[in-house]
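Report on the structure given below.
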Amino acid sequence: MLKSIAVMTSGGDSPGMNAAVRAVTRTALHQGVKVWGIKGGYHGMLDEDIFEMQSKDVSDIIQRGGTFLGTARCKRFTTPEGRMLGYKNLVDRGIQGLVVVGGDGSLRGASTLSQETGLPIVGLPGTIDNDVWGSEYTIGSDTAANTILDAMNKLRDTASAHRRIIVLEVMGRNSGWLAMVAGISGGAEYILVPEEEYDISQICDSMKAEYEKGKRYILMVVAEGAGKASELGPIIAEKTGIDTRVSKLGHIQRGGSPSAIDRLNASRLGEHAALAIISGLSDIVFGFNRGHVVSINLHDAVNNKKQLDPQLIRLSKVLA
Ligand code: ADP
């Protein structure tokens with residue numbers, strides 16, 4: 001049994017990280033284990049921005065987006081010297097294990113730290129992209145999909161009023177999950193994702209044909225990894241001759257009060273992470289599979305690429 005653990009958030013923030021940290025903290029305290037918060041991701045670990053937390057430190061945060069611990073990207077941590085300094089700062093405080101909430105990069109860093117130092121580490125997938133291998137869910141992905149959906153509902157009103165084509169660019173450099181899920185849920189006619197090739201001339205031909213048959217408007221959702229709305233918009237306008245507008249949601253997708261699903265799932269994952277690290281387990285990531293919490297090997301999680309569900313790609317075409 002470990003007697004003292006730390007928790008941190010790292011990399012891109014996502015709604016629900018607070019709920020995860022809260023659950024880790026309160027579960028640890030419930031077990032009579034000391035729990036430390038590390039501020040600003042690996043930066044805080046290296047700069048000794050580390051404080052012991054009590055239950056009240058995680059009060060009033062479950063409803064907030066972002067992460068009250070702060071997050072960062074830290075170049076120094078990518079060097080062995082940087083990681084060794086971080087490890088020393090933890091050991092100096094008697095910290096025996098670490099829970100890292102973050103995306104692919106943060107979990108990769110955690111995996112290296114654990115391999116090099118033997119420090120027990122448990123990861124939680126915190127990213128709006130839902131691209132962590134081994135889990136069907138990541139903390140924040142549900143809220144981000146709902147944020148896009150809200151924007152789509154609004155864009156639909158104005159697109160319909162003017163009989164326009166609207167191209168909405170959403171986040172997802174390497175993963176089309178957000179675009180696909182929001183696109184299907186929002187009834188988009190076209191969804192472009194990095195996982196699938198597309199022919200813009202063919203798309204424009206079919207847009208024109210649909211307008212000729214009386215369609216009032218068209219919504220296209222494009223993941224940033226599949227193309228820029230600012231470039232696709234003018235091409236579509238030129239090829240179709242139809243009034244086309246573009247919109248880029250940007251960082252709005254990262255913020256906002258977390259959905260019920262993100263709060264609940266983050267709380268469940270946080271409890272599992274705390275109990276696992278306290279019991280001495282290491283090198284695992286907790287995620288979801290068929291609605292159940294599962295543990296995934298940390299090394300596997302960071303060394304495999306999650307594929308976009310082909311059933312979603314198929315469905316998007318059937319329903320368009
Ligand atoms: P995310 O966790 O959202 O994917 P990043 O990829 O930016 O975000 O990773 C966050 C931080 O994790 C980086 O700034 C760096 O400190 C650390 N990190 C990422 N990749 C590695 C790696 N291969 N080795 C060590 N540390 C890493």
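Being a predicted model, the structure only gives us computed values, none of them experimental.
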Q.
Looking at Glu169 and Val222, would you say the former's side chain and the latter's main chain have a donor-acceptor pair under 3.5 Å?
A. no

Q. Under a single-linkage rule joining Ile, Leu, Val, Met, Phe, Trp and Tyr whose side-chain heavy atoms are separated by less than 4.5 Å, which residues share a cluster with Leu149?
A. none

Q) Does Gly176 offer a backbone N or O that forms a donor-acceptor pair with the side chain of Glu195 under 3.5 Å? A) yes

Q) Looking only at heavy atoms, what is the nearest atom pair of Ser14 and Gly126, with distance? A) OG-C, 3.5 Å

Q. With sequence neighbours excluded, what pairs up with Asn297 under the side-chain hydrogen bond (donor to acceptor under 3.5 Å, both in side chains) test?
A. none

Q. Where the side chain of Thr9 meets the backbone of Gly70, is there a donor-acceptor pair that is under 3.5 Å apart?
A. yes

Q: Output all residues satisfying side-chain hydrogen bond (donor to acceptor under 3.5 Å, both in side chains) with Arg290, sequence neighbours left out; order by chain, then residue number.
A: none

Q: Return the minimal non-hydrogen interatomic distance between Trp177 and Leu308, and the atom names on each side.
A: CA-CD1, 3.7 Å

Q) Does a side-chain heavy-atom distance below 4.5 Å link Leu232 with Val246? A) no

Q: Report the hydrophobic cluster partners of Leu119, with the cluster defined as I, L, V, M, F, W, Y residues connected by side-chain heavy atoms closer than 4.5 angstrom, directly or transitively.
A: Met8, Trp36, Ile38, Tyr42, Met45, Leu46, Ile50, Phe77, Met84, Leu85, Tyr87, Leu90, Val91, Ile95, Leu98, Val100, Leu113, Ile121

Q.
To check you understand the geometry: which heavy-atom pair defines the closest contact between Arg76 and Thr79, and what is its length?
A. O-OG1, 2.8 Å

Q.
Would you say CD1 of Ile252 has more than 12 non-hydrogen atoms from neighbouring residues, nucleotides or ligands within 6.0 angstrom?
A. no

Q: Compute whether any side-chain donor of one residue and acceptor of the other, for Asp129 and Ser175, lie under 3.5 angstrom apart.
A: no

(Q) Can you give me the closest heavy-atom contact between Pro15 and Ile128, atom names plus distance? (A) CD-CG2, 3.8 Å

Q) Can you find a heavy atom in the side chain of Glu196 that is under 4.5 Å from one in the side chain of Met180? A) no

Q.
Could you check whether any side-chain N or O of Ser4 sits under 3.5 Å from a backbone N or O of Gln96, counting only pairs where one atom can act as donor and the other as acceptor?
A. no

(Q) Quick check for you: to the nearest 0.5 Å, what is the distance between His299 atom NE2 and Leu107 atom CG? (A) 13.5 Å

Q: Assess the side chains of Ser259 and Asn146: does a donor N or O sit below 3.5 Å from an acceptor N or O?
A: no

Q) Partners of Phe288 by ring pair (Phe, Tyr, Trp, His ring centres under 6.0 Å), sequence neighbours excluded? A) Tyr137

Q | Close side-chain approach of Ile284 to Leu298, heavy-atom, < 4.5 Å | A | no

Q. Is the backbone of Asp199 close enough, under 3.5 Å, to the side chain of Ser201 for a donor and an acceptor to pair up by distance?
A. no

**Q.** Residue Ile261 excluded, over 12 heavy atoms near CD1 under 6.0 Å
**A.** no

Q.
Quick check: closest heavy atoms across Val285 and Pro125, and the distance to 0.1 Å?
A. CG1-CD, 3.8 Å

Q.
Distance alone, cut at 3.5 Å: any donor-acceptor contact between the side chains of Ser114 and Asp283?
A. yes

Q.
Just to verify, which of Arg156, His162, Arg163, Arg164 counts as forming a side chain to side chain donor-acceptor pair (under 3.5 Å) with Tyr217?
A. Arg156

Q: Would you check if there is a donor-acceptor pair between the side chains of Arg254 and Thr147 at a distance under 3.5 Å?
A: no

Q. Taking everything shown except Arg173 itself, do over 12 heavy atoms lie less than 6.0 Å from its CZ?
A. no

Q) Does any non-hydrogen side-chain atom of Val221 lie less than 4.5 Å from one of Val170? A) yes

Q.
List the residues meeting side-chain hydrogen bond (donor to acceptor under 3.5 Å, both in side chains) with Asn130, not counting sequence neighbours, and say none if there are none.
A. Lys306

Q. Quick one: are Ile61 and Arg64 in side-chain contact, heavy atoms under 4.5 Å?
A. yes

Q. Considering only heavy atoms from C-beta outward, does the side chain of Leu155 approach that of Leu219 to under 4.5 Å?
A. yes

Q | Closest contact, heavy atoms only, Arg83 versus Gly109 | A | CD-O, 4.5 Å

Q: For residues Met220 and Ile236, determine if any side-chain heavy atom of one lies less than 4.5 Å from a side-chain heavy atom of the other.
A: yes

Q | Short N-O contact, Lys248 and Glu224, less than 4.0 angstrom | A | no

Q | Non-hydrogen side-chain atoms of Leu312 and Val181 separated by less than 4.5 Å | A | yes

Q: State which residue, out of Arg22, Gln54, Arg26, fulfils the side-chain contact (heavy atoms from CB on, under 4.5 Å) condition with Ser59.
A: Arg26

